[in-house]
**Q** 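This is the structure I want to talk about, given as C-alpha cells.
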Amino acid sequence: QGVILFQNDKINKEATQQLIGKKCWEVNCDNNQRCHKCPLRNGIELGVTKTFETSGLFRGKTIEISYTGIIFEKQLAMLEIYHDITPIRNSEQKLKIYSEELQKSNAAKDKLFSVVSHDLKNPFNSILGLASLLADNINSFTKEELTEISKTLFTESNSAFILLNNLLNWSRTQLQRIVAKPIIFEINTIVN
C-alpha cells in the first residue's frame, strides 16, 4: 500500500521526520503524489528486481529506484534502493546544450567557408587572368596598357588581401584573441 515499514540508518540520519508508517510518496515526492512509474500501480512480483527513474524527489532530485518484491514481517513488501542521478542528468543536459551550440557553430563555419570561398574566388580569378595575360603577352602592350593592368592587379590584390585580413581578424575574435575596445568618436568627422 506504499506504507514505509523500515528504513536504513542512512535515511534515519538524513530524515527530518519519522518516516515509518507514512506513505513513501508523502515523504519522498516533492508534490506528495505517487511517482508516475510507481510499481504499486501494477503490483509487486516476489523476487523480481526492476528499475525506474523519476524526478522531483527529495527537493528536486532525479532518482533511479531499484525495487524488489520481498517478504517482510510475513507480508509482501517492496525493497527500494535509491540512487541520486541528478549530477549525471545535469551533466547530460549540459552536454546536450554544448552539442547543440557546437552544431550551430559548425553550421555557421560551413556557411562562412562557402561565402568566403566564393568571395575570394572572384578577385583571384581576376588576378590570375591579368597575370596570365601579362605573362603571355608582355611585349604586345603599350606603356599605358601596362600601367592600367598593373593598377587593376594592385586593386584586385589589395581587395583580396583586405578580405583575408578581415577573415583573420574575425577568426581571432572567435578564438577570443582580440579584445574589443570601443571608443566614442564624432562620426561627422569621419563622414566628412
**Q** Is the CZ atom of Phe52 crowded by more than 12 outside heavy atoms at less than 6.0 Å?
**A** yes
**Q** Treating Ile, Leu, Val, Met, Phe, Trp and Tyr as nodes and any side-chain heavy-atom pair under 4.5 angstrom as an edge, say whether Phe141 and Ile127 lie in one connected cluster.
**A** yes
**Q** Under 4.5 Å between any side-chain heavy atoms of Tyr98 and Leu102, yes or no?
**A** no
**Q** Hey, does Thr62 have a side-chain heavy atom less than 4.5 Å from the side chain of Asn90?
**A** no
**Q** Salt-bridge test for Glu53 and Lys37: reply yes if a basic N is under 4.0 Å from a carboxylate O, no otherwise.
**A** no
**Q** Quick one, Ser126 with Asn122, criterion side chain to side chain contact (heavy atoms under 4.5 Å, CB included). Give me CA distance, side-chain angles, the key distance, then yes/no.
**A** CA-CA 6 Å; Ser126 296; Asn122 290 337; 5.9 Å; no
**Q** Under the salt bridge (charged side-chain N to carboxylate O under 4.0 Å, His left out) rule, collect the residues that match up with Lys50, sequence neighbours excluded.
**A** Glu45
**Q** Report the distance from atom CD of Glu145 to atom OG1 of Thr142, rounding to the nearest 0.5 Å.
**A** 3.5 Å
**Q** Return the CG to CZ distance between Leu168 and Phe161, rounded to the nearest 0.5 Å.
**A** 9.0 Å
**Q** Under 3.5 Å, is there a donor on one side chain and an acceptor on the other for Glu80 and Tyr82?
**A** yes
**Q** Okay, side chain of Ser114, backbone of Asp110: is any donor-acceptor separation there less than 3.5 Å?
**A** no
**Q** Say whether, by atom type as modelled, one donor and one acceptor occur between the side chain of Ser99 and the main chain of Leu95 under 3.5 angstrom.
**A** no
**Q** Are any of the side-chain heavy atoms of Ile63 and Ile85 separated by less than 4.5 Å?
**A** no
**Q** Can you check whether Leu146 reaches Ile138 side chain to side chain, under 4.5 Å on heavy atoms?
**A** yes
**Q** Taking it one step at a time, do Glu92 and Arg89 satisfy salt bridge (Lys or Arg N to Asp or Glu O under 4.0 Å)?
**A** CA-CA 5 Å; Glu92 288 173 349; Arg89 293 300 175 251; 2.9 Å; yes
**Q** Would you call Lys104 and Glu101 a salt bridge, using N to O less than 4.0 angstrom?
**A** no
**Q** Side-chain contact, heavy-atom cut-off 4.5 Å: Leu40 with Met78?
**A** yes
**Q** Do Phe6 and Leu76 share a hydrophobic cluster (ILVMFWY, side-chain heavy atoms under 4.5 Å, transitive)?
**A** no
**Q** Working to the nearest 0.5 angstrom, can you tell me the gap between Ile88 CD1 and Glu64 CD?
**A** 8.0 Å
**Q** Are Ile190 and Ile183 connected in a single hydrophobic cluster, I mean Ile/Leu/Val/Met/Phe/Trp/Tyr linked by side-chain heavy atoms less than 4.5 Å apart?
**A** yes
**Q** Between Thr54 and Leu57, does the side chain to side chain contact (heavy atoms under 4.5 Å, CB included) criterion hold? Intermediate values first, please.
**A** CA-CA 8 Å; Thr54 188; Leu57 272 63; 3.5 Å; yes
**Q** Any chance you could lay out the side chain to side chain contact (heavy atoms under 4.5 Å, CB included) test for Thr68 and Val48, step after step, and finish with the verdict?
**A** CA-CA 5 Å; Thr68 306; Val48 176; over 6 Å; no
**Q** Nearest 0.5 Å, what's the OG-CG distance between Ser140 and Asn137?
**A** 4.0 Å
**Q** Should Ile149 and Phe124 be counted in the same cluster of Ile, Leu, Val, Met, Phe, Trp and Tyr side chains packed under 4.5 Å apart?
**A** yes
**Q** Nearest 0.5 Å, what's the NE2-NZ distance between His83 and Lys61?
**A** 11.5 Å
**Q** Drop me the distance from Asn125's CG to Glu156's CD, to the nearest 0.5 angstrom.
**A** 10.0 Å
**Q** Leu5 versus Ile20: any side-chain heavy-atom pair under 4.5 Å?
**A** no
**Q** Do Trp25 and Gln33 have side chains that get closer than 4.5 Å, going by heavy atoms?
**A** no
**Q** Is it the case that over 12 heavy atoms from other parts of the model lie below 6.0 angstrom from the NZ atom of Lys109?
**A** yes
**Q** Is there a side-chain contact between Phe185 and Ile187, using heavy atoms and a 4.5 Å cut-off?
**A** yes
**Q** Check for me, please, whether Val3 and Leu19 land in the same ILVMFWY cluster - side-chain distances under 4.5 Å, paths through other members count.
**A** no
**Q** Looking at Cys35, is its backbone amide N or carbonyl O close enough to the side chain of Arg41 to form a donor-acceptor pair, meaning the two atoms are under 3.5 Å apart?
**A** yes
**Q** Evaluate the criterion side chain to side chain contact (heavy atoms under 4.5 Å, CB included) for residue pair Leu130 and Thr152; output intermediate values, then yes/no.
**A** CA-CA 8 Å; Leu130 287 170; Thr152 305; 3.3 Å; yes
**Q** Does Phe72 CZ have over 12 foreign heavy atoms under 6.0 Å away?
**A** yes
